[in-house]
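Chain naming here is simple, since letters A, B, ... match the order of the sequence lines and numbering starts at 1 in each.
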2 protein chains.
Amino acid sequence: MTKKYISELKPIDEVFSVWDVLTPDERQFVRNNYSVHHFKKNEMIQIEGERPTHMMILAMGKVKVTKEGVGGRNQIIRMLRPGEHFSYRGIIANDVYSTNVSAFEDSVIYMIKADIFLSILRHNNAFCYRFLEELSTDLAASDARTVNLTQKHIRGRLAEALLFLKKNYGLEEDGATISIYLSREDLANLSNMTTSNAIRTLSNFANEHVIAMDGRKLKIIDEERLKRISKIG
Amino acid sequence: MTKKYISELKPIDEVFSVWDVLTPDERQFVRNNYSVHHFKKNEMIQIEGERPTHMMILAMGKVKVTKEGVGGRNQIIRMLRPGEHFSYRGIIANDVYSTNVSAFEDSVIYMIKADIFLSILRHNNAFCYRFLEELSTDLAASDARTVNLTQKHIRGRLAEALLFLKKNYGLEEDGATISIYLSREDLANLSNMTTSNAIRTLSNFANEHVIAMDGRKLKIIDEERLKRISKIG
DNA sequence: TGAAAACAATGTTTTATAGCACAAATTTAG
DNA sequence: CTAAATTTGTGCTATAAAACATTGTTTTCA
């Protein structure tokens, strides 16, 4: 596994998508001041309510951003792919973390100290603007998510989640299997329903030949149908 | 009414909260390039799906930001007070409006053309950073809202909405009446429930002496109780 | 390797909330 | 100033989804 990391892990200048707007000095500054952290599956990376210390970049693996709700029930807010930034919102808003982040699978994360991140933000306008764009996009996504989760019925929400997973993580070589394997519980937390209902609805979809299941491997058979189910709610 | 506007309307340099980070040149630039628009109660200010043309600042009045959901049911995403910025997210993300905005009551809005706003954003780092802060705060609020609306029960959601209204718009001189009068329908759209349920739950709160009602005027009698109801969901 | 834990599947019961219908009150407009 | 339209208030019904219970299956790890 470590072997795999060493061979596949991209350097920070390739992973950090805003590298192009950094000056040579800033690049050197970042190179001298970032750290690499490995997290095992299910390990917590950031905890809601704590003070942010670093801005983070997912270098390898998959992580989930969750929020604890009523009665400890927790909801998946966002799921990240390598190259995505996180843990920086609280730094900017001078706020504690508003979410938990944990590793879905073994992951590698590049971290840049908060003060270093802030100092670049405050001196490099193009850099600042990139994050402004990112938050603008995230905000629309969050608002859309609120409406989807509150107004759609179970089938619509699960269909939406499956389409999201496909879009976000892509398909395997067979052109149908979604390239991320979630537990039924995670799938439920993503679609705001109980685990039993995720299981039940998944079974229904399989009976209707909209999807096919093999344990945690989910194949999308009839994407059009799934889109229709998601649309009508 | 027009009289009232003329006498109470603050000039843009007082309303636009980021004025302090503008250079003298930029201030003049904005002064020469903004426009003032009056909207009547219930009038649409921006429409979901259209291309953004201006960044806007609410100078006077109250507006609501909504999003259309399944079956035309629409949800209140945000409610603004004078001094708050809106309509700029889409400009930055180069996206169409993701929400509707309409006037709750007669309102006055200052508008700055998109290209002018963008040009300042791209040249003035402190200005850019201010909006970065604003979006960071809004994003956490949106995520929190998602969890509240999806996990809390009707009573909890309505209690939360009442507390929000109090916090956002304050109380009248009597120290109890919330300084905004919403229709039951708007209150329902804010708390993600049907109008009947908003009415019913409001009656329950009144019977329990948590609030008192006089038409659209809502008095908070027992704020602690309301907080508890909101908390337990 | 075998026991314990975690996960998946499914049926049954209960409950919260939407949906509907209708009456009363209030606001708006001709 | 009246008629129409909108908003508010209530009761009843239907139903989606949670909660609970049980059993089988897979994974973990001591």
Report task. Answer yes or no: is there a donor N or O on one side and an acceptor on the other, between the side chain of Asp222(A) and the main chain of Arg225(A), under 3.5 Å? Result -> yes
Query raised in the report: Which whole-number value in Å describes the distance from Met213(B) CE to dA25(C) P?
Result: 15 Å
Query raised in the report: Which is it for Glu223(A) and Lys166(A) under the salt bridge (Lys or Arg N to Asp or Glu O under 4.0 Å) test, yes or no, and what are the steps along the way?
Result: CA-CA 10 Å; Glu223(A) 183 162 351; Lys166(A) 186 216 150 180; 2.9 Å; yes
Query raised in the report: Counting side-chain heavy atoms from CB outward, which of dA17(D), dT10(C), dC20(C) is closest to Ser203(A)?
Result: dT10(C)
Query - Nearest listed nucleotide, side chain of Met193(A), among dA8(C), dC20(C), dA18(D) - result: dA18(D)
Report task. Name the nucleic acid region contacted by Ile154(B), choosing base, sugar-phosphate or nothing; use a 4.0 angstrom heavy-atom cut-off, strictly under. Result -> sugar-phosphate
Requested in this report: Measure from the side chain of Arg184(A), starting at C-beta and using heavy atoms only, and say which of dG9(D), dC20(D), dA8(C) lies closest.
Outcome: dA8(C)
Report summary line: side chain to side chain contact (heavy atoms under 4.5 Å, CB included) with Glu160(B): of Leu226(B), Asn148(B), Ile229(B), only one passes, and it is Asn148(B)
Query raised in the report: In whole angstroms, how far is the P atom of dA18(D) from the CG atom of Asn189(A)?
Result: 12 Å
**Report entry** Proximity to the side chain of Ile199(B) - top-ranked nucleotide from dG9(D), dT7(D), dC12(D)
**Finding:** dG9(D)
Query raised in the report: Just to confirm, is there a sub-4.0 Å distance from OP1 or OP2 of dA18(C) to any side-chain nitrogen or oxygen of Asn197(B)?
Result: yes
Query raised in the report: Can a side chain N or O of Arg216(B) be found less than 4.0 Å away from OP1 or OP2 on dT8(D)?
Result: yes
Query raised in the report: For dA18(D), does either OP1 or OP2 sit under 4.0 Å from a side-chain N or O belonging to Thr194(A)?
Result: yes
Query raised in the report: Asn204(A) has an atom CG; how far is it from atom P of dA16(D), in whole Å?
Result: 13 Å
Requested in this report: Taking only Lys NZ, Arg NE, NH1 and NH2, and the carboxylate oxygens of Asp or Glu, determine whether Lys41(A) and Glu105(A) approach each other closer than 4.0 Å.
Outcome: no
Query raised in the report: Rounded to whole angstrom units, what separation is found between the OH atom of Tyr181(B) and the C1' atom of dT27(C)?
Result: 17 Å
Query raised in the report: Looking at the side chain of Glu185(B), which of dC20(C), dT7(D), dT10(C) is the nearest nucleotide?
Result: dT7(D)
